Chemist: 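Okay, handing you the structure first.
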Amino acid sequence: MALENKQNKQYSFIESEKKWKSFWEKENIYSFSRNSKKKIFSVDTPPPTVSGEMHIGHACSYSQQDFIVRFKRMRGFNIFYPFGTDDNGLPTERLVEKKKNVKAKEMKRDAFVRLCMDFLKEELPKFIQDWKDIGISCDWNILYSTIDKHSRAVSQWSFLDLHKKGRLERRDAPSMWCPECKTGVAQVEVQDKELDSLFNDIVFKVGDKELIVATTRPELLPACVSVFYHPSDKRYNKLKGKLAKVPLFNFEVPIMEDERADPEKGTGLVMCCTFGDQTDMEWQKAHRLPIKMAITPEGKMSELSGKYKGLLIKEARKEIIKDLKENDLLRNQKAIKHVVNVHERCGTEIEFIKSRQWFVRYLDLRKDMLEWGKELNWYPEHMKHRYFNWVNGLQWDWLISNQRHFGVAFPVWYCQDCDEVILAKEKDLPVDPTIDKAPVKECPKCKSKKIIPEKDILNTWFTSSMTPQISTRLMPESIQKKLFPMDLRPQAHDIITFWLFNTVIKSRLHFNKNPWKDTIISGYVTREGEKMSKSKGNIIRPQEVREKYGADSIRYWAASSKLGEDFDYQEKDVVTGAKFVNKIINATKFVFMNLKYQQKQPKLLEMDRLFLSRLNQTIEDSTKAFENYDYARAKLEADSFFWKNFCDNYLEIVKNRIYNGNEGEKASAYYTLYQALYSLVRLMAPITPFVTEEIYQEYFRKNENEKSVHNCVWPEKITIKESKNDETVWERIVEIIGKVRQAKSEAKKSMKAEIILTLSKEDKTLLKDFLDDLKSVTNSREIKEGNFNIIVL
RNA sequence: GGGCGCAUAAGCUAGCGGUAAACUGACUCGUUUACACCGAGUAUUCGGAGGUUCAACUCCUCCUGUGCCCACCA
């Protein structure tokens, strides 16, 4: 019977989580108040990509930002914490294609977008549930998707505004191009990949003399426009101004000098083809060389290449090498490994192709960009170097057009005859020019009636860099001003150069303000030091962990990693969280087992005052850490105070008094226990929101005002007389208790064994007000004075 | 090649100019009036070499290892 009773009372995190989740939702505990006078704290929540389910990295980083938000909420802020999903890119396109069994390219764009919205309507609640399940305290009524109508309108507004500000250019220029995806590619979308290649020494001719040029890309010979050597290179400087004959193709190109040719590399001679790489482009510009395109946007050889026309790049390379060999024009071949730029999405080598693309012109702002980065408060601070490093290495204006099908459309039409750009009207946004009519019937410039739509789409970062506007513009205009600039942008370090950088740029170009005051950068979750990936099969599903140990345990684990540091997933760390949950439940049960609520502070016993003084220290440390976004430190302070001081020592000390004390002694203990536990519950509420809510509702609600612990005020120091050496005295008491336990342990006796304790004269004086409690907690028959000694009886 | 991190017990991590710490594990015990998902105790430690300092795990320099970002594409 007793056992049964006990089991019934055991804490079930499954039930508890379910109960409080629906309570929070029903009671709007986390909703942003539109007419509150409280100060606002606004968060530019990262919208996760809908491409599957939440992974452990999400669970970790969203928990971390949630700790901070919950702290701020308890500090009295009106929290603006929206939730979005990022759906206008390839991952969602692929997922919808798969689930709906369609091909995006075979559908009309608006039909696919609609299908996508339908899909999201079905799937989003399931997807979002994972976030709700780990206790993320967003206002779930402030929701957006980066492909929804509202986001498209904001993104297109951004385009119109940048156009108005003269920051947009449509240029017919060489730009990075992916022959596989057949789209222009932005600098940020390019990755490094080490590939095997061949360094070919091939023969150019000046009259009868042979010139050996080393190249990995002989297929670009038809696009060769010159041969360079370094000005100091004595082997070649007499050739200046002469012409060299290009092998196989037999046209002549000038031999020129340029600092950028490295005498150490290959033979010291390099051919310039427009465009093999970035240097080729610089040379083309610097020496006003002609432009010859050997490769088409499809990744095939152009008509320039004569008999090789139509071959794929790699096929042509093979053929040309074969022909060079046959004509004795290939002198040597060396296998090398070199790093090339590839498109991050498909791994295809990037080509430079002349095409017509839209750019945001911003290279002229590099100095300002550095300033903007400095204005931001970075947590941890060193992450700002990633931003500076990126700005310093910027080579290209921002290419924002993608020759893809699914995404946010350009709000643009053109006149087919004179190429005049015709922009959508702001009030008509969002538009899809392939469906919607242009706002004019004829070209305002040449009066032509032939108006054609822009078929390209805006790069996904063009839209996601608008999340501060997308989210805040969901609110009435009167509130928007208070929400922007936002307070906090949380995100991971891998997309500083993408999302963070682009958002800063947009905000500065549109509003001449930084989008937020602070940014917190989270690290990666690894598994035995390695990045988790499906191919390695080392994925941890947070859903399973939660079912096994509870959401509070996952969050407890997430709170043990410092901001910005990668950290390793270890199941036992989650177990530690589960132990904490169990411990605080049990400690609470004990405290309230025979406690009478004391609203007013009674006359406190010295021991209780001393303990509260130590609690105040913890409150101060934890608060300071949280103000600095150092949730890990804040948790550590509260958590270790709970175990070491509250459970291991204070509870043991007061036990006897609670059972056997007189009224005054009991009252003092009751008050101290209640205040200490109530403070601890609130200190841990941001980290473990479920169990703390459970405890609050069960034991504290009837005496306190707030509907939820998460709306309670963050604990403040308890008013007591503190004196300077409180800490030393408390530490000494804990130390003596420890020594006694050690003595009993070494004597292999029970902790309840009786002892005779001898304290030094100094100790006895220092601890004169604490001797009764000390006697009972150590179970001393008597406390003598003399040399420190413990006799276990 | 440039930039930024990291290196602390068997594992994972705190910490910091003043005689090293939590958790897990190991070992030795104890326990039934909060908690066996318990309690107590024991052992083990600051990558290497210099330097600054009365004092360095902590600051500086170099090295080694490791991670990320950027560049290198002839």
Side-chain angles (χ1 to χ4, degrees), chain A residues 6 10-11 187 190 192-195 197 199-200 213-217 220 224 227-228 260-262 265-273 276-280 283 336 338-342 349-350 380-395 493-494 496-497 523-524 526 528-531 549 557 560-562 564-573 575-594 632-633 636-637 639-640 643-644 647-648 651-652 655 658-659 737-738 740-753:
Chain A
K6 208 173 173 186
Q10 202 131 63
Y11 175 71
Q187 188 177 346
V190 172
D192 294 347
K193 196 170 165 189
E194 192 174 55
L195 293 175
S197 186
F199 217 19
N200 305 285
V213 175
T215 179
T216 57
R217 301 201 60 185
L220 290 179
C224 183
V227 172
F228 285 103
R260 280 163 281 207
D262 179 359
K265 204 156 183 175
T267 58
L269 280 177
V270 51
M271 65 177 191
C272 169
C273 307
D277 64 22
Q278 202 143 326
T279 321
D280 289 341
W283 278 327
I336 56 163
H338 69 164
V339 180
V340 294
N341 282 338
V342 298
E349 289 171 63
I350 294 293
E381 218 198 327
H382 67 81
M383 286 294 178
K384 70 182 177 196
H385 296 292
R386 302 264 179 114
Y387 174 100
F388 295 143
N389 204 212
W390 171 254
V391 171
N392 288 326
L394 267 183
Q395 308 259 14
H493 60 64
D494 55 334
I496 290 175
T497 55
Y524 276 139
T526 57
E528 278 152 7
E530 290 194 320
K531 230 170 136 172
Y549 298 107
W557 159 76
S560 55
S561 126
K562 259 184 20 182
E565 306 253 307
D566 291 355
F567 89 130
D568 215 56
Y569 174 81
Q570 302 252 344
E571 183 162 330
K572 61 185 178 49
D573 293 335
V575 174
T576 309
K579 283 189 180 176
F580 166 79
V581 169
N582 182 56
K583 186 82 173 175
I584 195 165
I585 282 282
N586 281 314
T588 306
K589 252 197 282 181
F590 168 68
V591 166
F592 284 95
M593 202 172 268
N594 30 27
R633 178 79 183 261
L636 193 76
E637 293 290 344
D639 187 41
S640 74
W643 287 91
K644 298 226 140 54
C647 295
D648 294 353
L651 285 186
E652 294 305 321
K655 259 179 190 171
I658 286 190
Y659 298 140
I737 296 173
V740 171
R741 285 175 180 157
Q742 184 181 350
K744 290 180 182 178
S745 207
E746 274 163 9
K748 303 200 171 174
K749 288 284 174 65
S750 155
M751 285 303 125
K752 296 201 163 150

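Chain naming here is simple, since letters A, B, ... match the order of the sequence lines and numbering starts at 1 in each. These numbers were taken from a predicted model, which means no experiment stands behind them.
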Chemist: In this structure, how many angstroms lie between the C1' atom of B:A14 and the CG atom of A:Leu636, rounded?
Modeler: 6 Å

Chemist: Base, sugar-phosphate, or nothing for A:Asp494, non-hydrogen atoms under 4.0 angstrom?
Modeler: nothing

Chemist: Determine the interatomic distance between P on B:C37 and the same-named atom on B:A22; round to the nearest Å.
Modeler: 24 Å

Chemist: Using the ring of each side chain (for Trp, its six-membered ring), is A:Tyr524 parallel, tilted or perpendicular to A:His493, with breaks at 30° and 60°?
Modeler: perpendicular

Chemist: Using the C1' atom as the point on both nucleotides, what is the distance between B:U19 and B:C57, in whole Å?
Modeler: 13 Å

Chemist: OP1, OP2 of B:U24 versus side-chain N and O of A:Lys579: anything below 4.0 Å?
Modeler: yes

Chemist: Does the B:A74 base have a donor-acceptor partner in the side chain of A:Lys265 within less than 3.5 Å?
Modeler: yes

Chemist: What integer number of Å spans the P atoms of B:G47 and B:A43?
Modeler: 22 Å

Chemist: Remember a base hit wins even if backbone is also touched, and classify A:Gln742 as base, sugar-phosphate or nothing at under 4.0 Å, heavy atoms.
Modeler: sugar-phosphate

Chemist: For A:Asn586 and A:Lys583, indicate whether the former's side chain and the latter's backbone hold a donor-acceptor pair under 3.5 Å.
Modeler: no

Chemist: Taking for each residue the nucleotide of RNA chain B bearing the nearest heavy atom, is the 5' side occupied by A:Lys655 or by A:His385?
Modeler: A:His385

Chemist: Provide, to the nearest angstrom, the distance between the CH2 atom belonging to A:Trp390 and the P atom belonging to B:C4.
Modeler: 18 Å

Chemist: Within the 4.0 Å heavy-atom criterion, would you say A:Phe567 contacts the bases, only the backbone, or no part of the nucleic acid?
Modeler: sugar-phosphate

Chemist: Could you measure between the two P atoms, the one in B:U53 and the one in B:G1, and give it in whole Å?
Modeler: 34 Å

Chemist: Want to know the stems of RNA chain B: at least 3 consecutive Watson-Crick or G-U pairs with distances under 3.5 Å, which are they?
Modeler: B:1-7 with B:64-70, B:26-30 with B:38-42, B:47-51 with B:59-63

Chemist: Within this structure, what is the NZ-NZ distance for the pair A:Lys744 and A:Lys749, rounded to the nearest 0.5 Å?
Modeler: 10.5 Å

Chemist: Determine: side-chain N/O of A:His382 to OP1/OP2 of B:C68, distance under 4.0 Å, yes or no.
Modeler: no

Chemist: State whether A:Phe590 and A:Lys655 meet the cation-pi test: NZ (Lys) or CZ (Arg) under 6.0 Å from the six-membered ring centroid, and within 45° of the perpendicular axis.
Modeler: yes

Chemist: Is the phosphate of B:G3, meaning OP1 or OP2, less than 4.0 Å from a side-chain N or O of A:Lys384?
Modeler: no

Chemist: Is the closest side-chain heavy-atom distance between A:Tyr11 and A:Lys589 below 4.5 Å?
Modeler: no

Chemist: Looking for any heavy atom pair under 4.0 Å, which part of the strands does A:Cys272 touch: base, sugar-phosphate only, or nothing?
Modeler: nothing

Chemist: Figure out the OH/P separation between A:Tyr659 and B:U32, and round it to whole Å.
Modeler: 13 Å

Chemist: Can you check the distance between B:U58 and B:A9, where both ends of the measurement are the P atom (answer in whole Å)?
Modeler: 15 Å

Chemist: With a non-hydrogen cut-off below 4.0 angstrom, is A:Thr576 in contact with a base, only sugar-phosphate, or nothing?
Modeler: sugar-phosphate

Chemist: Can you tell me how far P in B:A34 sits from the matching atom in B:G39, rounded to whole Å?
Modeler: 14 Å

Chemist: Please state whether the phosphate of B:G39, meaning OP1 or OP2, lies under 4.0 angstrom from any side-chain nitrogen or oxygen of A:Lys583.
Modeler: yes

Chemist: Measuring from the side chain of A:Glu565 (C-beta onward, heavy atoms only), which nucleotide among B:C72, B:A14, B:A74 has the closest atom?
Modeler: B:A14

Chemist: Rounded to the nearest Å, what distance is computed from the CH2 atom of residue A:Trp557 to the P atom of nucleotide B:G11?
Modeler: 20 Å

Chemist: Over how many whole Å does the gap from A:Asp648 atom CG to B:G30 atom P extend?
Modeler: 20 Å

Chemist: Walk me through it: do A:Asn200 and A:Thr215 pass the test side-chain hydrogen bond (donor to acceptor under 3.5 Å, both in side chains)?
Modeler: CA-CA 5 Å; A:Asn200 305 285; A:Thr215 179; over 6 Å; no

Chemist: A:Ala587 has a side chain; which of B:U28, B:G41, B:A34 sits nearest to it?
Modeler: B:A34

Chemist: Given B:C12, B:A34, B:C68, which nucleotide is nearest the side-chain atoms of A:Cys647?
Modeler: B:A34

Chemist: Give a yes or no on whether the ring-centroid distance for A:Tyr569 and A:Trp557 is below 6.0 angstrom.
Modeler: yes

Chemist: Side chain of A:Asp566 only, heavy atoms from C-beta on: which candidate in B:C29, B:G67, B:C70 is closest?
Modeler: B:G67

Chemist: When the distance from NZ of A:Lys572 to P of B:A10 is rounded to whole Å, what number comes out?
Modeler: 14 Å

Chemist: Measuring from the side chain of A:Lys562 (C-beta onward, heavy atoms only), which nucleotide among B:C29, B:A14, B:A34 has the closest atom?
Modeler: B:A14

Chemist: With a 3.5 Å cut-off and just heavy-atom distances, do the side chain of A:Asn389 and the base of B:G2 make a donor-acceptor pair?
Modeler: yes

Chemist: Backbone N or O of A:His385 within a donor-acceptor pair of the A:Asn389 side chain at under 3.5 Å?
Modeler: no

Chemist: Mind checking side-chain hydrogen bond (donor to acceptor under 3.5 Å, both in side chains) for A:Asp573 and listing every partner two or more places apart, or none if nothing turns up?
Modeler: none

Chemist: Quote, to the nearest angstrom, the C1' distance that separates B:C38 from B:G48.
Modeler: 44 Å

Chemist: Any side-chain N or O of A:Gln187 less than 4.0 Å from the OP1 or OP2 oxygen of B:A71?
Modeler: yes

Chemist: Using the C1' atoms only, state how far B:A26 lies from B:C35, rounded to an integer number of Å.
Modeler: 24 Å

Chemist: Roughly how many Å is it from CE in A:Met593 to P in B:U33, rounded to a whole number?
Modeler: 11 Å

Chemist: Taking for each residue the nucleotide of RNA chain B with the nearest heavy atom, is it A:Trp643 or A:Thr588 whose nucleotide lies nearer the 5' end?
Modeler: A:Thr588

Chemist: Just how far, in rounded Å, is P of B:C35 from CD of A:Glu652?
Modeler: 11 Å

Chemist: Please classify the nucleic acid contact of A:Asp192 as base, sugar-phosphate, or nothing, using heavy-atom distances under 4.0 Å.
Modeler: base

Chemist: Which nucleotide in the list B:C68, B:G11, B:A74 gets nearest to the side chain of A:Gln570?
Modeler: B:G11

Chemist: With sequence neighbours left out, what residues match A:Lys384 under salt bridge (charged side-chain N to carboxylate O under 4.0 Å, His left out)?
Modeler: A:Glu381

Chemist: Using a 3.5 Å distance criterion without hydrogens, assess whether the side chain of A:Gln187 forms a donor-acceptor pair with backbone atoms of A:Leu394.
Modeler: no

Chemist: Tell me what A:Ala214 touches on the nucleic acid: a base, only sugar-phosphate, or nothing, going by heavy atoms under 4.0 Å.
Modeler: sugar-phosphate

